[in-house]
Amino acid sequence: MAKKLMKKTFMEPLGKNNPVFVQILGICSTLAVTNKLQNTMVMTLGVMFTTALSSWTISLLRNHIPSRIRMMVETMVIATYVIIVDIVLKAYYPEMWKQLGPYVGLIITNCIVMGRIEAFALQNKPMLSLVDGLASGLGYAYVLLVIAFVRELLGTGSLWGYRILGSWWTNWSIMIMPPGGFFVLAIFIWVIRETIMKEAK
Amino acid sequence: MNESIMPFAIFFASIFTGNILLTNYLGMCSFLSVSKELKTSLGLGAAVIFVMATTTPLNWLVYRYLLIPFGLDYLRFIAFIIVIAAFVQLTEMVIERYSEPLYQSLGIFLPLITVNCAILGASLFMVIREYTLFTSFLFGLGSGIGWFIAIIAMAGIRQKLKNAKVPPGLEGPGITLVIAGFMAMAFMGFSGMIALS
Amino acid sequence: MKKKDTFYHKRLYPLVFMVSTTVFCILVTSGLYLTTLDKAEANELSFTRRAILDAGGLQYENTTAGIEKTYTDSIEVEKGYYIANGTEGKRFIIPVQGPGLWGTIAIMVGFEEDLKTFAGLAIVSQNETPGLGARIEEPWFTAQFKGKQPPFTLVEEGTSALANEVDAITGATRTSEYFRNLVNRSAADAQRIIRGE
C-alpha cells in the first residue's frame, strides 16, 4: 500500500500532473538559461535539490509551524537551500557559477518549490514529500532539458558545447535568442497536449 | 576618453531591448495567468512598477550598507526577499488604511507580487552588475515599466483572441507563449533606438 | 492536539519559532560559507591569474596548481601591468575595463613587444546576457584578436577576412560594439601605462 502510494506520487509529476506542461509553473528562473544544455542541467539539478529538500523539511515541521507565519518559514527554508546551492557552485564550479549569475538566486521564487510545499508537503509525511518534491523536480528537469537540447542544437549546431552538426549547418540564431525559448516551449506544450494528453482523456 | 555605463541607456534598455519579461522570462507565472483580463493586468502592472522602482534601490541600500560591511553578502537572497515581503506588506497596510479606491485597484494585487520573480530578479541583477544607487532606481523603474507594457499588450491581444479559432492543443498557455515570442521579436527591433556614440 | 488560545500560543510561540528558524538557517549557511571561503577566494585568484596567462599566450596545465606554477615561473608583476616571459619572447599584459551593455567588462590584454600587436586576450569578468553577449568568453571569440592590430572593425559572425576585421556575435550587436571600443582603446592604454607616455 505504502509502496504503491510512493510510486504514484513519483510518477504523477512526470506525466499527467507535470508542473511545466500541465500546470505551467516555474518556468521563470530556468527558461532564460535553456540556450545551453550544460547550464540547464545545473539549474534543474539545483531546482530538484531545493524542491525535494525543502518539501522534506517543511513536512517534518508541518505540525509545529504556526499558521500565521507559515509563508515566511517556507521562504526562509527555501532560501537556505538555494544559498547552499549557490555557495557550493561558487566553491566547486566557479565557471558555471559565473555563467548562471543571478538565476541561481531566482530558484527561491520558482513557483514549483513553493507550490509543492503548499499543495503537498503540508499534508503529507516527510518521506512522501521528499519523493514528491524530487519527482516534481525531475518532471520539470526533463521538459527543460528537451527545450535546451532543441535550442542549443538548432541555434549553435552543437550540444554540451561540442559541435555536432557539420559546417553545412546554418545556425538558427533566433533559437538561442529569447523568442526561441517561447516558441520551443509553446510547440512542446502543443505536441504533448495533442498526443499524450489526448490519450489520457 | 573613457566611456561609462549610461544610466539612461540602461533605463531605456530595460524597458525595450532588455525587457525583463521578454528577454529574461522573469515574472512568467503571473504574466500567463493574469493577462487574461485587461483590467487586472493594468492593476498588477502598476503595482509591479511601484514595487520594483522602490525595492531595487531599497535593496541596494541594504546590500551596500548592511550586508557588505558585515561580510554577509552571501545572505543576500534571504535579505532581499525579506525586504521585498516586508515592503509589500507595509504598502498594503498603508493603502488599505488611507485610500479605499486605490486599495481596490492596486492593493489587492500586492500579495501576488512577493512571489513575482521579476522583483527579486531586478535586485539580483542590480547587485551582480554593480550599479550605483541612481542607476538601480532607473533600472528598477525601467524594468517595471517594461513589464507593465508587456502585460497590457498581451492582455489586449488575448481579449481579441477570445473569438479566434485556435488549435485545441495550443489553447490557453500555448498560444500565449507563441504571442509572447512574437512580442519578444518585436521588442528586439527596438535595439537600434539608442544610438551609441 | 487542540491549540489553546493563550498569549503563549498566539504571540510568543510564532515569534520564538520564527527567530529560532532564522537563527538555525543563518548558522547553517554561515558555516558552509566559512568552510568554503578559502576555496572561493582561491578560485577568484586563480581566475585572474589564468586570464593573465591566457593574455600572455602561455601554455599551462588547466588546474589550480598548474596555473599557480606557470604564473610564479613566468610572470613578473610590474606597477599596473604584467610581463610574461614565455618561449616566444617577452609580452606585456595590461588589465583594461570598460562598460558593456549591462555592466562592466574587465579583460586582460597581452601585447607583443611593439605594444601594438595583440598576443592574446582574456575575459576576467562580464555581466552580459547568457548565451548572447556572454559568448565573448568563448575561445573562438577571444582567439581571433591574436596577432592582429587595433583599430578593429566588426563584421558579421563567421565572415572576418581582413587583418583588422573581427567577427561580431550574432544577436549581441551592442555587446560586440562595446567590446570593440574596449580593445581599440587598450593599445593607447598600453603605451601610457608601460612607456609612461
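Hydrogens, waters and symmetry mates play no part in the numbers below; they use all other heavy atoms, side chains included. None of these values were measured; they are calculated from a predicted model. Each chain gets a letter, A, B and so on, in the order the sequences are listed, and its residues count up from 1.
- With 3.5 Å as the limit, one finds a donor-acceptor pair spanning the side chains of C:Asp114 and C:Thr117.
- C:Tyr81 and C:Phe92 have tilted rings, their planes meeting at an angle from 30° to 60° on a 0 to 90° scale.
- For chain A, no part of C:Phe24 is nearby; none of its heavy atoms comes within less than 4.5 Å.
- Between the side chain of A:Asn39 and the main chain of A:Thr34, no donor-acceptor pair closer than 3.5 Å is present.
- In this structure, chain A has no heavy atom under 4.5 Å from any part of C:Gln126.
- Heavy-atom distances place no part of C:Glu41 under 4.5 Å from chain A, backbone and side chain included.
- For the pair A:Lys98 and C:Phe47, the cation sits on the ring face: its NZ or CZ lies under 6.0 Å from the ring centre, inside 45° of the axis.
- Of the two parts of A:Glu95, the backbone and the side chain both hold a non-hydrogen atom closer than 4.5 Å to a non-hydrogen atom of chain C.
- Put simply, of C:Thr21, C:Thr22, C:Asn127, C:Leu37, the one with the most heavy-atom pairs under 4.5 Å next to chain A is C:Thr22.
- Using cut-offs of 30° and 60° on the angle between ring planes, the pair C:Phe141 and C:Phe145 is perpendicular.
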